[in-house]
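Source: prediction; values computed, not measured.
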Amino acid sequence: CVRADILEEGSGLTPNLDALQPEWTTFTQAFAQSQNTLSSHLTMLTSNYLFQHGVYSNFSQKALPDHALPKRLHGLGWDCRAFTSVDFLALLLGNQVGSPDPRFPPSENRSIAARLARRYWGHRSPASVTLDRGLKWLKSAKRKRDAFLWMHLFDAHMAYEAPALFLQQQVRAGRFTERTLREQLAEKGWFSPEFPEYEWKAPLEVFPERYRAAVAYQDDRLGAFFSGLKASGHWEEALVVVTADHGECLMGDHGVYCAHKKLFDTTVRVPLRVKFPRGLHAGDQVDALVQHVDLAPTVAALAGFQEPL
């Protein structure tokens, strides 16, 4: 849910991404094809628009087609794996990439381990766990082949989760209201999905502030992940793509509060930073229009695919 302008405003929320600017190629006009999580990730993995892959919501089961990037890489002998941070994305898409994520086992798996995982992890998992698992998998001594790793972070999704340190830095304390957030939203006439936290008696600003805390936390954990890649010797030859599946409306943008509804710049204009192997295009800024449908062909080209005529 990280919208593009949150990385452009000089807020200091993303020092780790900012510090790597000399190594990134920064795309300033990057757009998602959807404001829905599952639809957007499926587009990234297949280079298909929504009318082509047919998934318009977060609750549609869709088998990865043969032309999907992980399947094509696996066919060339690559190791492929996914670690996502929310159950529905793992169950509907992520578990089709390599081995299933043990944090989010399929509902038909009634083993003791699966039941314990559901009880412990529940609906979502923090960035630290997802990134740590991804890094451990990449560094595994058993993995000798080229690798494709897809990771997804959910902390900046409502109700915006972050450790106390980040919340203390971004959320102003000691503010209470006589009315609940739900009552304030009704008065504004803003749309937002139902969340139990809307019973809080707090100002509307509290959740946009929590959003900033979640973005800062994700940047902190990404910094640790990048440091791990460098320490293990994987960074120089790696293609690293950092983007968002969609953006987020915050304080009533287009009549929406803390949600991603419909297609606006706030919901589909996304950050895109690419670290190409061996310093290729390092430090470049690209202002041309690019889209999520461009990601899979870019990866395929760098992986050495020879497309049929």
Side-chain angles (χ1 to χ4, degrees), residues 1-32 41 44 81-85 126-139 146-156 162-163 165-166 169-170 211-248 269-292 294-296 298-299 301-303:
C1 303
V2 180
R3 48 196 267 176
D5 61 359
I6 203 78
L7 272 67
E8 299 168 349
E9 60 186 20
S11 63
L13 291 177
T14 56
N16 291 287
L17 285 174
D18 295 345
L20 288 170
Q21 187 166 348
E23 299 184 67
W24 296 121
T25 301
T26 301
F27 294 87
T28 64
Q29 298 296 322
F31 287 84
H41 282 283
M44 285 189 264
R81 194 70 192 270
F83 294 96
T84 72
S85 295
S128 58
V129 174
T130 298
L131 292 167
D132 286 351
R133 288 185 176 225
L135 185 61
K136 182 179 179 180
W137 178 80
L138 275 179
K139 294 166 61 177
D146 289 326
F148 171 81
L149 173 62
W150 164 43
M151 293 181 295
H152 157 263
L153 309 181
F154 201 64
D155 314 86
L165 173 63
F166 296 91
Q169 291 172 346
Q170 300 298 329
Y211 175 81
R212 295 169 69 85
V215 172
Y217 165 60
Q218 290 184 152
D219 176 78
D220 180 79
R221 293 298 83 206
L222 281 171
F225 177 77
F226 297 147
S227 294
L229 286 182
K230 292 183 177 183
S232 62
H234 288 85
W235 181 259
E236 179 64 19
E237 294 294 321
L239 170 68
V240 180
V241 178
V242 177
T243 189
D245 48 6
H246 51 72
E248 189 85 329
R269 183 167 170 262
V270 293
L272 180 59
R273 309 286 188 272
V274 180
K275 200 287 293 181
F276 288 95
R278 297 175 296 282
L280 185 66
H281 309 304
D284 288 357
Q285 176 176 300
V286 179
D287 299 323
L289 177 67
V290 296
Q291 306 174 67
H292 277 164
D294 300 320
L295 294 180
T298 300
V299 177
L302 286 168

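- In this structure a side-chain-to-backbone donor-acceptor pair under 3.5 Å is missing from Tyr211 to Glu248.
- Salt bridge annotation for Arg278-Glu237: present, with a cationic side-chain nitrogen under 4.0 angstrom from a carboxylate oxygen.
- Inter-residue side-chain proximity for Phe154 and Cys1 is flagged as unmet; no heavy-atom pair is nearer than 4.5 Å.
- When the side-chain hydrogen bond (donor to acceptor under 3.5 Å, both in side chains) test is applied to Lys136, no partner is found at least two apart in sequence or on another chain.
- Judged by the 6.0 Å and 45° rule, Lys275 forms no cation-pi pair with Trp24.
- Under the 3.5 Å distance criterion, the side-chain polar atoms of Asp155 are left unmatched by any main-chain donor or acceptor of Ala214.
- Side-chain contact between Arg3 and Val270 is absent, with no heavy atoms from C-beta onward closer than 4.5 Å.
- When the shell of 6.0 Å around CD of Gln169 is examined, it contains more than 12 heavy atoms from other residues, nucleotides or ligands.
- Inter-residue side-chain proximity for Phe225 and Asp132 is flagged as unmet; no heavy-atom pair is nearer than 4.5 Å.
- For Thr130, the side-chain hydrogen bond (donor to acceptor under 3.5 Å, both in side chains) partners are Ser85, Arg103, not counting sequence neighbours.
- With Thr243 contributing its side chain and Pro271 its backbone, the two residues share a donor-acceptor pair below 3.5 Å.
- A side-chain donor from one of Gln285 and Asp287 sits under 3.5 Å from a side-chain acceptor of the other.
- Side chain of Asp219 to backbone of Asn16: a donor-acceptor contact under 3.5 angstrom is found.
- When only modelled atom types and interatomic distance are considered, Asp284 and Thr25 share no side-chain donor-acceptor pair under 3.5 Å.
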